[in-house]
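All remarks here apply to the structure that follows.
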Amino acid sequence: MTTPLHQLKAEFFKTLGHPARIRVLELLSERDMAVSELLPEVRLEASNLSQQLAVLRRAGLVTARREGSQVYYALTSPQVAELLAVARGILTSVLSDQVELLDGLRADSVPSGPVRRAAR
């Protein structure tokens, strides 16, 4: 029996469910990077970064290659960068809608005259 597509998608998005992994993918969207370059940008301990990179490798989102003593990581597909860009667009839209709603709520809550308190 094969795994349903919706379950595979859920597992895929779980892989993306860690801020450090998203940051790594964003950085690798710009260019291939050595672990030593990723460390200061992601601000994790080396062992934690290694674990996060391993998760991304197992998910097939990044590849690793060794050049001398350096290990370089790269995205497996430009579609990963496209997915991050789409996510940014969705978040921008959602947050813009929320800002408009908040502005509306603030405008509605501004009293038109002096506020009188009820007598006790």
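On a predicted model such as this, the values are computed, not experimentally measured, just so you know. Sequence positions, counted from 1, serve as the residue numbers for this chain.
No donor-acceptor pair closer than 3.5 Å links the side chain of T3 to the backbone N or O of L8. Side chain of S93 to backbone of G89: no donor-acceptor contact under 3.5 angstrom is found. Panel note: side chain S29, backbone L25; a donor-acceptor pair is recorded below 3.5 Å.
Of all the heavy atoms in V35 and Y73, the pair that sits closest is CG2-CE1, 3.5 Å. Across every non-hydrogen atom of S36 and P40, the tightest pair is O-CD, 3.2 Å. Counting all heavy atoms, side chain and backbone alike, V71 lies closest to A64 at CG1-CB, 4.0 Å. Pairing each heavy atom of T15 with each of R21, the nearest pair is O-NH1, 2.7 Å. Across A74 and D32, no two heavy atoms sit closer than the pair CB-OD1, 3.2 Å. Listed here is the closest heavy atom pair of V42 and A20: CG1-CB, 4.1 Å.
Clustering ILVMFWY residues whenever any of their side-chain heavy atoms sit less than 4.5 angstrom apart, transitively, puts I22 in a cluster other than the one holding V55. In this structure, L91 is not a member of the same hydrophobic cluster as L84, with clusters built from ILVMFWY side-chain heavy atoms closer than 4.5 Å. A continuous path of hydrophobic side-chain contacts links L75 to L16 [ILVMFWY only; heavy atoms under 4.5 Å]. In the hydrophobic clustering of this structure, L38 does not group with Y72; members are Ile, Leu, Val, Met, Phe, Trp, Tyr whose side-chain heavy atoms approach within less than 4.5 Å, directly or through other members. Linking ILVMFWY side-chain heavy atoms closer than 4.5 Å, directly or via other members, places V86 and V80 in two distinct hydrophobic clusters.
L49 has its side chain within reach of V24: a pair of non-hydrogen atoms, C-beta onward, lies under 4.5 Å apart. Between R31 and E37 there is a side-chain heavy-atom pair separated by less than 4.5 Å.
Around the CD atom of E45, the shell of radius 6.0 Å holds no more than 12 heavy atoms that belong to other residues, nucleotides or ligands. Residue Q70 places its CD atom among more than 12 non-hydrogen atoms of other residues, nucleotides or ligands, all under 6.0 Å distant.
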Self-check item: Full working for side-chain contact (heavy atoms from CB on, under 4.5 Å) between L102 and Q98
Solution: CA-CA 6 Å; L102 181 60; Q98 289 176 356; over 6 Å; no
